[in-house]
Amino acid sequence: MTVRVRFAPSPTGYPHIGNIRTVVFNWLFARQQHGKFVLRIEDTDQGRLVRDALRVIEDSLQWLGIDWDEGLGKGGDYGPYIQSQRLQIYQDKAEELVAMGRAYRCNCSQERLDTIRDAMRAEGKTPMYDGLCRDKPEGAVAKDEPHVIRLRVPREGMTTFHDVLRGDISVENALLDDQVLLKSDGFPTYHLAVVIDDHLMAISHVMRGDDWIPSTPKRILIYQAFGWQPPIFIHVPLVLGADGKKLGKRHGATAVDEFRRAGYLPDALVNFLALLGWSPGDGDQQEIFTREELIARFDISHINLAPAVFSYDKLDWLNGQYIRNMSEDELLDQLIPFWQDAGLIEAPVATEIVPTLRLLVPLVQERLKTLRDVVALTDFVFQEIEPPSVDALTGKGMTVGESLAAIVAVQRLFCGLVQFSADAMEEPMRALATELHIKAGQLFGLVRNAVTGKTVSPPLFGSIQAIGRERTLKRLETAEHILLQHIEATGNV
RNA sequence: GGCCCCAUCGUCUAGCGGCCUAGGACGCUGGCCUCUCAAGCCGGAAACGGGGAUUCGAAUUCCCCUGGGGCCA
């Protein structure tokens, strides 16, 4: 059997991370089985369409490196792949069911439907259609009068389907409504369209969130009415937010695009998502997998049945691992857009700044969890700093006067350096500390505050080299003034 | 509320009757390294929801309860 799976988003919003985890599973499975991955668009809910959703869906998948073989923008032998272009097919198929006696026309008014619903609810029952039109003779409801087409659901017995992970799941037919298949405006209902599309597109496996389990019997009934063989169902557990609830809008940043902007790498995200609800099993303790490894090792039977909570801690760690494994050139390319977005460097990168950027990359590489972290870590290189406080400029265990003397000495030292480079300044700085009878750490700490405006920064000398001699000296001068003023104002040395 | 699904450290998970005094990872934590912060290395705390049953033996099988989640209203 040729494996054919699909991702069928509605363009009513942007793909979010919970859905994408399931997409990753589908994609891994398709690639491993040398099958096809189809991207179909379910846009029959015309009222809720979001303008650029299609573009965002494409962008998100492309960014993640999840490619599809048929569908949106790709074409294929089973098109069209956009449901709004398939309305005629749904109408024809619905008519077929009527002709076969498996569905019937219903012209009950909205008022009548509301009345029965209220009545049933009042009795404490689940509201269902009462079947008034079900037993009307053929032709009682004319084809050209406003009406819907309903499925003739068996009144007794059970509907059972098989789930690869959970075995057989059954529901009593008495609990199933004579669902509407075709609405009065000629649009199909969701389940009719999906069944027809999955069948006509020869989808072999339907792998989706287990929140769809309750509606699967409805779908099976439609397959049975048509006399079609249903696909193989694999319901995967949901992805939950930190509160244990199904991941959704209320959980903040969940759109794929937001992860990109936050500085996560697609490879890290795919790796993380693949491990959310799945593991290679067999006592394997590997955590970092290339795409090829994931494709080779993905295995439906190792999908965990319990829902998984999405947690940023592990994603951050994993992302950091991927960042550390990049080459410096690669990382530089990835970092540039983030510096630009923050307004720290210009949009076409000025060539004069490139050496500085290159200098910074190895300094930040092992300090980044996300690419965006580079902004807060290196902003002092590109913009002026807030004048540090006296406290910050006073070395640990030192007096203000001693600190002032140290700053002055460092200025002199930096002025005299032949080469203003990290390598050239470390030795003399250490010697200076000895000379001043303070520890290197004391000296470095106070200089760090003076030139970066931060108590925490990338390695000091690399940072200083990146700032450049002129601006470093200016910041030291500022520090000197701050300390001097303090001494003059308070008389405290 | 009705129906359905699920249940191992805080989180992601390994485990598919004896190899389990339950393993790994993230996070947390102690230490080493160290110019700060990271990274790296070494160590630690931390879980089989409860009760029955089957079995010589149960985290692993069955039943009930509890808890969580989902769908529909």
Side-chain angles (χ1 to χ4, degrees), chain A residues 18 21 117-118 120-121 123-128 158-159 161 163 165-172 174-177 179 209-218 235-248 271-288 301-321 323-325 362-369 373 376-377 392 395-396 422 425-426 429-430 433 438-449 451-452 454-464:
Chain A
R21 196 286 314 264
R117 188 168 304 151
D118 292 346
M120 296 193 72
R121 207 171 287 157
E123 285 178 61
K125 292 191 201 156
T126 304
M128 279 172 65
M158 308 274 276
T159 292
F161 70 96
D163 179 273
L165 297 172
R166 294 157 226 262
D168 288 343
I169 297 174
S170 304
V171 173
E172 286 184 55
L175 264 27
L176 298 171
D177 201 4
Q179 54 178 303
D210 70 15
D211 49 341
W212 289 103
I213 289 178
S215 67
T216 307
K218 293 169 77 166
H235 289 95
V236 304
L238 295 178
V239 177
L240 274 25
D243 59 354
K245 300 271 173 28
K246 180 176 162 184
L247 203 62
N271 190 156
F272 175 76
L273 257 17
L275 258 21
L276 205 55
W278 175 80
S279 78
D282 300 326
D284 194 303
Q285 294 175 349
Q286 190 175 341
E287 299 285 341
I288 298 176
S301 70
H302 274 107
I303 294 175
N304 206 111
L305 290 178
V309 173
F310 185 100
S311 115
Y312 282 90
D313 283 337
K314 193 157 185 176
L315 173 60
D316 285 348
W317 170 78
L318 203 54
N319 205 57
Q321 293 290 322
I323 287 176
R324 268 165 253 139
N325 285 331
L363 263 33
V364 298
Q365 186 158 24
E366 63 194 24
R367 274 159 251 268
L368 299 175
K369 279 187 158 56
D373 287 344
L377 217 49
K396 222 177 158 190
M425 58 186 78
E426 177 151 3
M429 282 287 280
R430 286 186 188 279
I438 55 177
K439 287 186 175 165
Q442 289 176 294
L443 179 63
F444 297 174
L446 113 112
V447 173
R448 168 174 287 112
N449 274 292
V451 301
T452 71
K454 298 172 193 284
T455 49
V456 170
S457 82
L460 184 60
F461 304 115
S463 298
I464 290 175

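The figures that follow rest on heavy atoms only: side chains count, while hydrogens, waters and symmetry mates do not. So that the names make sense, note that chain A is the first sequence line, chain B the second, and so on, each numbered from 1. All values derive from a computational prediction rather than experimental measurement.
- Straight-line distance between the C1' atoms of C9(B) and A22(B): roughly 10 Å, to the nearest whole Å.
- Neither OP1 nor OP2 of A73(B) sits under 4.0 Å from any side-chain N or O of Arg117(A).
- Residue Lys369(A) places no side-chain N or O under 4.0 Å from the OP1 or OP2 atom of A38(B).
- In this structure, Arg166(A) pairs ionically with Asp210(A), as a charged nitrogen and a carboxylate oxygen lie closer than 4.0 Å.
- One finds no side-chain N or O of Arg324(A) lying less than 4.0 angstrom from the OP1 or OP2 phosphate oxygen of A38(B).
- Note: CD (Glu287(A)) to C1' (C12(B)) measures 8 Å, nearest angstrom.
- Dashed line: the shortest gap from a side-chain N or O of His302(A) to OP1 or OP2 of G15(B) is under 4.0 Å.
- Contact annotation for Gly209(A): no contact, since no heavy-atom pair falls under 4.0 Å across all strands.
- Using a 4.0 Å heavy-atom cutoff across all strands shown, Leu238(A) reaches sugar-phosphate atoms only and no base atom.
- Side-chain nitrogen and oxygen atoms of Ser279(A) include at least one within less than 4.0 Å of the OP1 or OP2 phosphate oxygen of A14(B).
- Within the nucleic acid shown, Pro459(A) comes within 4.0 Å of at least one base atom, counting heavy atoms only.
- Partner of Pro237(A) under the side chain to side chain contact (heavy atoms under 4.5 Å, CB included) criterion, out of Ile303(A), Leu276(A), Asp211(A): Ile303(A) alone.
- Neither OP1 nor OP2 of C6(B) sits under 4.0 Å from any side-chain N or O of Asn304(A).
- Nucleotides U29(B) and G10(B), compared at atom C1', are 14 Å apart to the nearest Å.
- The side chain of Asp211(A) approaches C71(B) more closely than any other nucleotide in the set C71(B), G69(B), C35(B).
- Of the C1' atoms belonging to U21(B) and A47(B), the separation is 15 Å, rounded to the nearest Å.
- With distances taken from any side-chain atom of Ile213(A) to the nucleotides C26(B), C4(B), C37(B), the minimum falls on C4(B).
- Taking atom P in both C19(B) and G67(B), one finds a spacing of 33 Å when rounded to whole Å.
- What separates CG of Asp284(A) from P of U13(B) is a distance of 15 Å, to the nearest Å.
- Between Gln321(A) and G40(B), a side-chain N or O to OP1/OP2 separation shorter than 4.0 Å is present.
- Here Lys246(A) reaches the OP1 or OP2 of C71(B): one of its side-chain N or O atoms lies under 4.0 Å away.
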